[in-house]
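Heads up, the thing below is written out as structure tokens.
Throughout, protein chains are lettered first and strands after them, A, B, ... in sequence-line order, and every chain is numbered starting at 1.
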Protein chains: 2
Amino acid sequence: MTPAGRRIAAAAEELFYSRGITAVGVDLIAERSGVTKRTLYNQFGSKDHLVATYLRERDQRWRSLVQAALDVGETPVEAVTAPFEALRTWSETNSRGCAFINALAELPDPSHPAHRLATDQKLWLLNLFEELATRAGCSHPATLASQLLVLHEGALATQPLSVDTLSTTTELARCLVRSSVRDQERQALDHRP
Amino acid sequence: MTPAGRRIAAAAEELFYSRGITAVGVDLIAERSGVTKRTLYNQFGSKDHLVATYLRERDQRWRSLVQAALDVGETPVEAVTAPFEALRTWSETNSRGCAFINALAELPDPSHPAHRLATDQKLWLLNLFEELATRAGCSHPATLASQLLVLHEGALATQPLSVDTLSTTTELARCLVRSSVRDQERQALDHRP
DNA sequence: GGATGTGTTCACAGATCAGTATATCGGCGA
DNA sequence: TCGCCGATATACTGATCTGTGAACACATCC
């Protein structure tokens, strides 16, 4: 990506997230990034492609943040709720909710690339939760993973209400994981009396 | 509201929810409701007012549904999770997530009437949870209420992913309530030995 | 019978939307 | 020095957006 392309992508990300996708025109993005509309179209082809790039970059940044939270080297049980730690950092600079949920709200056409990106992101998180839960020795990893996903999305969705729910939600998530681990350990004892 | 006004409101609700607010023009709403654009503006004044009406009517419908779920006469403990029962019915015909979260995503201006409506709706639910939790004898009603709200919004937010999370979430909510009631009962016993 | 209110028809304003055409400029490698 | 490529400037298309103006039809009520 050329320097102009990076400036365009950065301006698009800021504007799309803060003002909404449909509400932001390409003219504004070009003006904000100090670039002509012609350059924008030479780089990205269409607004839809620019939207897809916006979501793709955001997804990558989010996954890197989660990976960083996993890399600090916690115990397997603590690692399960690492995405909630990442969310705490993320929320400090992203207070307008989940960009993917917002994108789905604005772009109802299921064939739009944003749909795949949004769905893939959530499913990635769901699978990550399940994998981490399995590794930590939880009793029903799939069920726990979907519960953690709901908690995660709920914390994101209630964010624009300016009611602090993240700390309470994180605590509940940790509690669920610990309880699930205990269940598994008890079952293991019961089966080997 | 005149007959034409009702038709307009009905068409607007259907279109706004299924396609998004910004993406739907007043011309389309007028055409769908068999009405001229002039009549639409005579009835509602502006698109923003029509949007506000759309959200207000939806809010009323939702609150009636929750009230109906409460009126079936369950035990106080079961009543706490009645909104989740209402959500099950609601989801059958509303599979595009929460209209208020979606509206907030599209209308970032905090002075837009949609913001107050959305915030008020969520706070109403939060207060309802707290009130029901208190009535059921839960140990920390405020904390439990915010956890239930997060679960509720999470179940709504994950709905467009076509991954069934509602039943698991409802079960978790019931489990939290029962556990909270047990805590309170145990504390009561401890304090009166 | 006139007044009022609801709704219709048609035309229009002014802005903004995504996307394109054409011509030019400057740097960089061959 | 010559082409090539990223980028620029300016102007434009055709569609769509919200919102308005003015004249007219039809009903109901006083």
With salt bridge (Lys or Arg N to Asp or Glu O under 4.0 Å) as the test, pick out the partner of Arg178(B) among Glu185(B), Glu171(B), Glu78(B). Glu171(B)
Nearest whole Å is fine: how far is [N] [atom2] from [X] [atom1]?
X	N	atom1	atom2	value
Glu31(B)	dT8(C)	CD	C1'	16 Å
Arg6(A)	dG6(D)	CZ	P	14 Å
Gln43(A)	dG19(C)	CD	P	16 Å
Phe44(A)	dA7(D)	CZ	P	10 Å

It should be established whether Thr2(B) places a side-chain nitrogen or oxygen under 4.0 Å from OP1 or OP2 of nucleotide dG7(C). yes
Under 3.5 Å, which donor-acceptor pairs do the side chains of residues 123-132 of chain B form with other protein atoms, sequence neighbours left out?
from	atom 1	to	atom 2	distance (Å)
Asn127(B)	ND2	Leu123(B)	O	3.4
Glu131(B)	OE2	Arg135(B)	NH2	2.5

Just list the side-chain donor-acceptor pairs under 3.5 Å for residues 148-159 of chain B, sequence neighbours left out, or say none.
from	atom 1	to	atom 2	distance (Å)
Glu153(B)	OE1	Lys122(B)	NZ	3.0
Glu153(B)	OE2	Lys122(B)	NZ	3.4
Thr158(B)	OG1	Gly154(B)	O	2.9
Thr158(B)	OG1	Ala155(B)	O	3.3
Thr158(B)	OG1	Thr165(B)	OG1	2.9
Gln159(B)	NE2	Asn94(B)	O	2.6

Pairs where residues 16-27 of chain B contributes a residue and the test side-chain hydrogen bond (donor to acceptor under 3.5 Å, both in side chains) is met, not counting sequence neighbours: Thr22(B)-Glu106(B), Asp27(B)-Lys37(B)
Might you confirm whether atom CZ of Arg116(A) has over 12 heavy atoms from other residues, nucleotides or ligands at distances under 6.0 Å? no
Tell me if the CD atom of Glu31(A) is crowded by more than 12 foreign heavy atoms within 6.0 Å. no
Can you give one letter per nucleotide of nucleotides 15-30 of chain D, going 5' to 3': B for a protein heavy atom under 4.0 Å from the base, S for sugar-phosphate only, - for none? ---BBBBB--------
State whether the side chain of Thr119(A) and the backbone N or O of Leu161(B) hold a donor-acceptor pair below 3.5 Å, judged by distance alone. no
Identify which nucleotide among dT8(C), dG7(C), dA7(D) has an atom closest to any side-chain atom of Thr36(B), counting heavy atoms from C-beta outward. dT8(C)
Using the C1' atoms of five pairs at each end, what's the angle between the two axes of the helix from dG1(C)-dC30(D) to dA30(C)-dT1(D), to 10 degrees? 0°
Which side-chain N or O atoms in residues 62-69 of chain A pair as donor and acceptor under 3.5 Å with protein atoms at least two apart or in another chain?
from	atom 1	to	atom 2	distance (Å)
Arg63(A)	NE	Asp59(A)	OD1	3.1
Arg63(A)	NE	Asp59(A)	OD2	3.3
Arg63(A)	NH2	Asp59(A)	OD2	3.1
Ser64(A)	OG	Gln60(A)	O	2.7
Gln67(A)	NE2	Asp71(A)	OD1	3.3

Select base, sugar-phosphate, or nothing to describe what Gly5(A) touches, counting heavy atoms under 4.0 Å on all strands. nothing
